[in-house]
Amino acid sequence: MYHYWGKAAKGSTAHHLLVYHCLDVAATLRALLDADKRLHQRLHALAPAVAPADLDALLLYFAVLHDLGKFAPAFQQQRQDIVDKLDGPPAKRICNAHHSHLGKAIFFDEDIVVAWQPSLLCRDGWPHKDILAPLTDAAFGHHGKPPQDLSDSNLRLPPSTAAAIRQFMGEVCSRFLPGPLTLPGGDAANQAFRPVSWFFAGLLVVADWLASGQGFAYCETPMDLAVYWNERALPQARATVADCGMVSPLPRQGGGFHELLPHIEQKYGPTPLQAYALEVAGRDSGPRLFIFEDVTGAGKTEAALLAAHAVMAGGEAHGFYIGLPTMATANGMYARMAASYRALFMDADTVVPSLMLAHGARGIQDAFLHSIGLERGRDGESDAADGEQPDSGAFCAAWLADNRKKSLLAPCGVGTLDQALLAVLPAKHQCLRLLGLGRNVLIADEVHAYDPYTTRLLETLLTFQAGLGGCAILLSATLPRRIKQGLAAAFCRGAGYPVPAVSADPLPLATRLANGVFTETPLAQTRTLSVAVTLCHDPAEALDRLVAVHTAGGCAILLCNTVDRAMAARNLLAERLPPADVLLFHARFALCDRLAIEERVLAIFGKGSTTEIRRGKILVATQVIEQSLDVDADFLVTELAPMELVLQRAGRCQRHNRKWRPAGFVGPAVLVLSPPAVDEPGPGWGEAELGKGLFVYPGHDVLWRTAQLLARWERVELPRDARELVEGAYDADALPTPAALQSAEDKQTGKASAEKSLALFNGLEFSQGYGTDAAAGHWHDDRETPTRLGEERVTLRLVRVVDDGLALWAGEGLDAATCARSEVSVPKHRGDALAATDAWQERLDAFAATLPDKGRWVRLVPFVETETAGVWHCALPGTTAVYSREGGLNYG
DNA sequence: AACAAAAAAAAA
Ligand SMILES: [Fe+3]
Ligand SMILES: [Fe+3]
């Protein structure tokens with residue numbers, strides 16, 4: 001058994017013996033379990049039918065066996081030079097497959113079974129293959145997917161190899177499985193290892209990656225396995241685990257409000273929701289779900305942190321992960337967390353907890369990049385010199401940061417919800433993400449912001465989280481009752497709780513599921529906004545009002561449902577007002593221009609602005625403004641949209657405390673550009689007023705009910721009235737869908753239910769345990785399982801044609817950040833319309849080759865400046881697209 | 001055609 005290599009160096013015959021690598025991985029698993037007692041206990045709780053000691057023994061045993069497939073000739077012969085050096089077995093015909101599939105086949109091969117069967121004796125006789133399947137699939141699936149059964153059942157193992165494997169297994173069995181195990185029998189047996197297998201799969205990948213890294217020295221000399229285990233494997237494993245960033249100090253015990261949230265000024269006490277979190281969250285044990293519904297800016301995130309801390313302090317979670325709907329909001333949240341997350345933990349001079357930023361474009365976030373590998377507060381070498389505060393600021397262990405798949409393993413994480421959803425999709429290495437989430441508290445922010453497909457995936461994630469014994473906190477503005485019901489039910493399915501009926505009580509509302517008990521707690525409103533709502537059917541009237549705001553010296557926002565309508569409205573306003581006073585903001589800008597506009601918007605409409613800066617500014621925007629920008633307008637006009645969006649938009653009107661408001665616009669007021677809210681709308685309802693915006697919100701019945709309700713209400717008080725209005729907009733019993741809008745409704749509900757079933761089909765099934773069956777067999781086909789649905793899109797990377805060649809739009813540099821800042825995403829057919837001639841393609845390819853990513857995943861599009869300064873025309877022959885920094889991309 | 005939004009490299 002010492003004639004087989006497991007790891008090899010490139011360019012030399014230096015190698016690590018296979019049996020040692022196997023022990024390294026088991027030792028790393030041992031070290032991981034010892035380092036995270038809370039997780040260790042969770043594993044035991046997930047397999048209640050198995051004695052804890054027996055479970056530990058089995059997990060370590062299968063960890064040793066994870067690379068069993070590397071004994072096979074197919075693997076060994078990849079380095080014939082080392083085989084020769086080791087005097088390995090000759091093989092003429094081999095069974096060719098990846099060693100993870102081979103490992104499983106070898107384990108169940110009849111020549112091999114005899115070597116382990118006596119050690120796995122259980123009460124009812126030999127364990128059936130199905131009982132162990134979740135564990136074997138997790139062990140042999142350490143390359144990110146469960147192994148497949150080989151189509152060719154003949155392994156063609158040379159006799160010497162079979163003998164070596166039997167010898168190895170014999171030694172491993174006597175060492176790791178000393179006494180007869182008592183495995184469960186009867187009907188429950190097949191279920192026994194299914195829940196724990198999800199964690200085991202993730203732990204094994206972590207152990208394998210750690211044990212394949214720098215911390216483990218190659219060893220080529222044969223020695224007794226027990227000696228290697230004690231003197232090499234375990235010490236190296238413990239050192240490596242201590243360094244990898246997965247372990248963190250214990251949570252702060254008994255901290256009060258201001259100690260846990262040091263960024264909140266002393267003069268502010270907890271809001272009702274935060275007081276609730278402090279008081280209630282630590283009370284129970286076991287899987288818990290909290291749903292906090294309140295308006296944005298009411299301190300929901302802090303409440304969630306307090307609740308998460310209570311769960312951590314109770315010894316039931318390691319840390320937290322905050323999942324958000326966009327990368328931009330994630331960046332913002334990361335900045336907030338960086339300043340305060342360490343207060344949730346005890347001060348320890350040995351370990352600093354890692355804070356992770358997890359999303360696709362984090363590579364250009366300097367604040368995060370600078371935090372990687374900084375050993376502040378640890379070895380004290382660098383910080384003393386530059387006088388930095390050693391105990392503040394973000395830190396992220398280098399090992400965690402070098403691969404996106406590892407990012408959820410950090411004790412504290414902020415990122416897109418999509419990163420978390422990938423844990424319950426048959427994506428490669430999903431088990432890593434699931435392990436990280438499962439041991440943390442999952443906090444999902446802005447839950448109302450997702451489509452039916454993604455919401456359904458979130459349900460699946462909640463089932464997993466509960467099934468793994470974990471906790472989750474959902475934060476949202478008004479969550480329609482049916483969506484809330486689905487989320488709560490999904491959590492109950494995983495936790496084994498009875499499914500309650502959630503209410504549609506007014507906001508703010510705290511919902512809690514713990515120990516099978518369901519409670520809803522209405523809370524006092526902290527900040528309220530009373531908005532006058534007027535419907536208006538004439539766009540000219542809306543423009544007049546905006547001009548009136550300008551004249552009165554105030555500022556306003558006009559929200560359009562499509563980019564083209566926003567561009568058109570901007571042009572109309574620019575005819576009547578100084579063009580410099582009219583801003584345009586939508587998503588069809590290169591990132592650098594978009595960020596500049598966003599900064600300008602915040603400077604004008606943000607909290608720090610002044611009456612003078614705000615004077616006469618009119619912003620025309622699309623839905624980009626809905627995304628968590630804290631802006632305040634004196635007056636707001638919006639095109640009709642589904643109720644929850646209208647209310648969210650209305651919340652942007654006079655939300656800050658400002659002394660001065662323009663004459664005629666004192667008090668929050670919103671004008672909704674809407675088709676008439678008639679009782680019997682005819683065919684084509686809304687086409688005149690909303691145009692192509694009707695395609696953006698195809699649930700025309702919801703639009704109609706929204707208009708009906710707003711026409712009746714005239715004034716709404718937020719957040720109190722939000723619930724009634726949102727429920728009413730979706731309630732076809734109270735306001736039956738008019739005949740002319742029925743087909744639109746049918747189409748929309750049909751589409752939503754199709755998307756939901758697709759999400760159900762794509763998502764993994766917790767109850768199956770780790771294995772191919774959990775993915776309905778589609779783990780191995782190439783079908784895409786995305787986190788969001790939608791029309792196909794392409795990313796355009798804008799390129800400037802300059803005197804001496806090509807340059808990126810965002811600047812002179814050719815680095816990854818300048819690339820990202822030059823990009824804009826468009827529908828695929830729009831991108832396809834910008835086809836390059838062969839000559840241009842050659843030129844663009846040559847330019848792409850000089851970029852860090854070689855232009856993969858994007859399409860380079862050249863622009864050349866026209867006679868009009870600032871207006872650029874697409875340089876490709878036959879194209880009409882135009883770009884400017886003020887207007888963005890116009891398809892022409 | 002009509003919004004915005006995310007994802008994209010392993011552990012030889
Ligand atoms: Fe492997
Ligand atoms: Fe391995």
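Chain letters run A, B, ... following the sequence lines, proteins first and then strands; every chain starts at 1. As the structure is a prediction and not an experimental result, all values here were calculated from the model. Both backbone and side-chain heavy atoms feed into the values below; hydrogens, waters and symmetry mates do not.
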Aromatic centroids of H99(A) and H143(A) separated by under 6.0 Å: yes

Touch class at under 4.0 angstrom, heavy-atom based, for G693(A) against every strand present: nothing

Selected nucleotide, minimal atom distance to T787(A) side chain, candidates dA11(B), dA1(B), dA6(B): dA6(B)

Selection from dA6(B), dA1(B), dA11(B) that lies nearest to any side-chain heavy atom of K406(A): dA11(B)

Atom-to-atom span, CE of M327(A) to C1' of dA4(B) - whole angstrom: 12 Å

CA sep, side-chain torsions, deciding dist, call: V563(A), R588(A), side-chain contact (heavy atoms from CB on, under 4.5 Å): CA-CA 8 Å; V563(A) 176; R588(A) 219 189 286 157; 3.3 Å; yes

Residues K85(A) and D81(A) bridged, charged N to O under 4.0 Å: no

Short side-chain N/O contact from T454(A) to OP1 or OP2 of dA6(B), under 4.0 Å: no

Touch class at under 4.0 angstrom, heavy-atom based, for P325(A) against every strand present: sugar-phosphate

Length of the line joining E823(A):CD and dA5(B):P, which is rounded to integer Å: 14 Å

Residue whose closest nucleotide on DNA chain B lies nearer the 5' end, Y891(A) versus T326(A): Y891(A)

Sugar-phosphate only, base, or nothing, as touched by K10(A) at under 4.0 Å among non-hydrogen atoms: nothing

N-O pairing of K104(A) and D137(A) below 4.0 Å: yes

Ring centroid separation H21(A) to H15(A) under 6.0 Å: no

Residue pairs passing the salt bridge (Lys or Arg N to Asp or Glu O under 4.0 Å) test where at least one lies in residues 418-433 of chain A, sequence neighbours excluded: D418(A)-R788(A)

Under-4.0 Å side-chain N/O to phosphate OP1/OP2 contact, R788(A) with dC3(B): no

DNA chain B: 5'-proximal contact among A361(A) and P698(A) (nearest heavy atom): P698(A)

Length of the CG-P vector between D24(A) and dA11(B), whole Å: 17 Å

T638(A): which of Q648(A), R649(A), R652(A) passes side chain to side chain donor-acceptor pair (under 3.5 Å): R649(A)

Touch class at under 4.0 angstrom, heavy-atom based, for V205(A) against every strand present: nothing

dA4(B) OP1/OP2 closer than 4.0 Å to side-chain N/O of R588(A): no

Between dC3(B) (C1') and H829(A) (NE2): distance, integer Å: 13 Å

Whole-Å distance separating the NZ atom of K828(A) from the P atom of dA6(B): 21 Å

Nucleotide dC3(B), atom P - distance to CZ of F589(A) in whole Å: 14 Å

Whole angstrom value for the distance that separates C1' of dA4(B) from CG of L417(A): 16 Å

Minimum side-chain heavy-atom gap L758(A)-L789(A) below 4.5 Å: yes

Interatomic distance, H142(A) NE2 vs dA11(B) P [rounded to whole Å]: 8 Å

Sugar-phosphate, base or nothing in reach of I625(A), heavy atoms under 4.0 Å: nothing

Under 3.5 Å, which N/O atoms of the protein pair with N/O atoms of nucleotides 8-10 of chain B?
residue: dA8(B); atom: OP2; partner: R404(A); partner atom: NH1; Å: 2.1

